[in-house]
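Sequence lines set the chain letters: A, B, ... in the order given, protein chains first and strands last, and positions in each chain run from 1.
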Number of protein chains: 2
Amino acid sequence: MRVLLVEDDQFHASYMEDVLAETLPEVTEIFHAVNGEEAEHEARALSIDAVVMDLRMSTRNGIEAARTLWTERPETRILFWSNYADEAYLRGIAAIVPEDSAYGYLLKTAPRDRLKLALRAVLVEGQIMVDREIHRLQRRAASPRNTLDDSEFAVLLDLALGLQDRTIAERRGMSLRTVQNRLLSLYEKLGVDAERDPDMPLNKRVRALNRALVTRTLNMETLETAQRDLDRWKAGQRKRAG
Amino acid sequence: MRVLLVEDDQFHASYMEDVLAETLPEVTEIFHAVNGEEAEHEARALSIDAVVMDLRMSTRNGIEAARTLWTERPETRILFWSNYADEAYLRGIAAIVPEDSAYGYLLKTAPRDRLKLALRAVLVEGQIMVDREIHRLQRRAASPRNTLDDSEFAVLLDLALGLQDRTIAERRGMSLRTVQNRLLSLYEKLGVDAERDPDMPLNKRVRALNRALVTRTLNMETLETAQRDLDRWKAGQRKRAG
DNA sequence: AGACCTGTTGCGGGTTCCCGCACATGGTTT
DNA sequence: AAACCATGTGCGGGAACCCGCAACAGGTCT
C-alpha cells in the first residue's frame with residue numbers, strides 16, 4: 001500500500017511515520033507533502049491508496065485537498081488528523097465525502113494506541129471512524145435544539161461571507177422572507193438572542209458570525225473555502241447572464 | 001534561572017526543552033504548563049524569571065496569560081513561540097508589554113540556530129526580538145496605506161464583537177459620526193470597498209470582519225480576549241450607573 | 001498670516017435589516 | 001374530517017446603517 005502523509009509540522013510528521021511503520025506492515029511506501037497543493041500533485045502522480053491528512057495548512061487546507069483527491073479517485077481512504085475538534089471541520093468533511101468512501105477523523109492528542117487502531121480501521125479495513133473526543137465536544141453546552149440543519153448552515157456561510165439577504169435568497173433559491181426566517185433561527189441557535197441586553201443592543205448579523213466562530217461552528221478554513229465556492233458561483237452567474 | 005515552558009504539544013515541548021538544555025547553561029530548572037491558566041498558577045507559585053510561551057492553547061491563550069504574568073511581575077522575560085504570524089498576535093502583545101520588558105516572538109518553523117539565538121537574546125540578555133519572517137508577512141500585499149492605527153483597531157474590535165455604532169461611540173468616547181468615519185476607513189483599508197460589485201452588494205459590517213479574519217488582522221484568540229475586555233467594561237458601566 | 005491638511009461632529013436621506021402579523025401549503029395527530 | 005403543527009411567503013414599519021455635505025478646530029507648510 002502506498003500512503004501519502006500530508007503534514008506541515010516536522011515533529012508530527014516523523015511521529016506519524018514512525019507509527020505507520022510500526023503498525024501497518026502492508027505499507028510499502030510513504031510519501032510526504034507539506035500542504036494541500038503538494039498533496040494534490042503527489043496523489044495524482046503517484047497513485048496513492050491511502051492518505052493521512054492534516055487539516056490546517058498554509059497554502060491549501062486539508063478539506064479542499066481532500067475534495068480534489070476524492071473527485072479524482074473516490075476510493076481513496078483518508079484519515080484526517082487534526083489538532084482541533086471544530087464542528088466546522090466535521091461539516092466540511094461530511095459535505096465532500098463520496099458514497100462508500102472510507103475516512104476517519106482523529107485528534108492529534110489521541111494516544112498512540114488509538115492512533116494505531118484508527119490507522120488500521122480506516123486505511124486498511126476501509127471503515128469510517130470519528131474520534132470519540134470529537135463527538136463529545138460536539139454536544140454544545142448551550143440551549144437544546146441548537147443543531148443547525150443544512151439549509152441553516154448554508155445561510156450561515158453566506159452571512160459569514162458578507163452577502164446581503166437578497167443575494168442569499170437568489171443563491172439558495174429561497175424567498176427573501178425565508179432567508180430572514182433562517183437568520184432568525186440562526187440568531188436563536190447561536191445564542192445571539194439569549195445575550196439580549198437592553199443596555200447593549202448588538203448588531204445581530206456580526207454577532208452571529210462572532211458566535212459561530214467562538215463556538216467553532218465556523219473557522220477560518222471554512223471561510224476561505226466558502227469564499228472560493230462563492231467565486232465559482234459568481235463566475236457561473238456571469239456566464240449564465242452574459 | 002528558572003524557566004517556565006508553556007506548550008500544549010508534547011513534541012514541541014520536548015524539542016524546546018532539549019534546545020533549552022543545550023543552549024542555556026544558566027537555566028537551573030525547567031517547569032511545564034500546558035495552558036495559560038496553569039501558566040499563571042505556576043508562575044505565581046514558583047517565582048519564574050523567564051517564560052517560553054505558546055500562543056494558541058485550550059483554556060486560556062498565551063496573550064492573556066502573559067498579561068497576568070506581566071501584571072504581577074513586569075520584569076518577567078517572555079519568548080512567544082507560535083505557529084502563526086498573525087498580525088493579531090503582534091498587536092495583542094504590543095498592547096500588553098510593560099515598559100522595559102523583554103520579549104520575543106519566534107515562529108515554530110524557525111531553524112534551530114535562530115531559536116537558540118532568540119532564547120539567549122530574550123531570556124538571558126533581556127533584548128526584544130521579533131522573527132524576521134513575521135515582519136515580512138506583515139507587509140500586506142493589498143493597497144498601500146492600509147495599516148490600521150490604534151483607534152481604528154479599537155473600533156474594529158468592537159465591530160467584531162457585534163457592538164452597534166452607538167455603543168462603540170460610548171465606549172470609546174467618540175461621537176456617533178466619528179465612529180462611522182472610522183468604519184469608513186476600515187472598509188477602505190480592509191479592502192471591502194475594493195470588492196464593490198454592483199451585481200453583488202455586500203453587508204460591509206460583516207464583510208469587514210470576514211476580511212479582518214482572512215488577512216489575519218484578527219484571529220479567534222483576539223475575539224475571545226476582546227470579549228472578556230468587553231465584559232469587564234460592561235461590569236464597570238453597571239457599577240457606575242447603579 | 002494665510003493656505004492647507006487632518007480629524008471630529010451634526011444633519012439628512014436613501015438603503016438594508018429585523019421582525020410582527022397574516023396567509024397558504026402540506027404533512028401529522030386525534 | 002378536523003385540528004394541528006412546521007415551513008415558505010408577502011406586507012409594512014421602525015431601527016440601524018452607510019455616507020455625502022458642510023462646518024469647525026488644531027496643526028503644518030510656505
Contacts of A/R77 that satisfy side-chain hydrogen bond (donor to acceptor under 3.5 Å, both in side chains) - sequence neighbours left out: none
Excluding sequence neighbours, so at least two apart, what forms side-chain hydrogen bond (donor to acceptor under 3.5 Å, both in side chains) with B/R114? B/D131
Starting from [atom2] on [N], measure out to [atom1] on [X] and report it in whole angstrom.
| X | N | atom1 | atom2 | result |
| --- | --- | --- | --- | --- |
| A/R182 | C/dC17 | CZ | C1' | 18 Å |
| A/D193 | C/dC18 | CG | P | 11 Å |
| B/K204 | C/dT16 | NZ | P | 11 Å |

[X]: which residues meet the side chain to side chain contact (heavy atoms under 4.5 Å, CB included) condition with it, sequence neighbours left out?
| X | answer |
| --- | --- |
| A/S185 | A/E152 |
| B/N219 | A/M220, B/D86, B/A88, B/Y89, B/E221, B/T222 |
| B/V192 | B/Y187, B/L190, B/K204, B/R207, B/A208, B/R211 |
| B/T71 | B/R67 |

Identify all pairs in which a protein N or O lies below 3.5 Å from an N or O of nucleotides 9-15 of chain C, and state each distance.
{"residue": "C/dT9", "atom": "OP2", "partner": "B/S175", "partner atom": "N", "Å": "3.0"}
{"residue": "C/dT9", "atom": "OP2", "partner": "B/S175", "partner atom": "OG", "Å": "3.3"}
{"residue": "C/dT9", "atom": "OP2", "partner": "B/T178", "partner atom": "OG1", "Å": "2.3"}
{"residue": "C/dT9", "atom": "O5'", "partner": "B/S175", "partner atom": "OG", "Å": "3.2"}
{"residue": "C/dG10", "atom": "O6", "partner": "B/R177", "partner atom": "NE", "Å": "3.3"}
{"residue": "C/dC11", "atom": "N4", "partner": "B/R177", "partner atom": "NE", "Å": "3.2"}

Charged tip of A/R56 within 45° of B/Y84 ring normal and under 6.0 Å: yes
First-last contacting nucleotides on DNA chain D - partner chain A, under 4.0 angstrom, heavy atom: D/dT7 to D/dC17
For A/D158, which residues count as a salt bridge (Lys or Arg N to Asp or Glu O under 4.0 Å) partner, sequence neighbours excluded?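 Per chain and number, A/D158 pairs via salt bridge (Lys or Arg N to Asp or Glu O under 4.0 Å) with A/R171, A/R172.
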If you pin B/S151 and B/P201 to their nearest nucleotides in DNA chain C, which one's is more 5'? B/S151
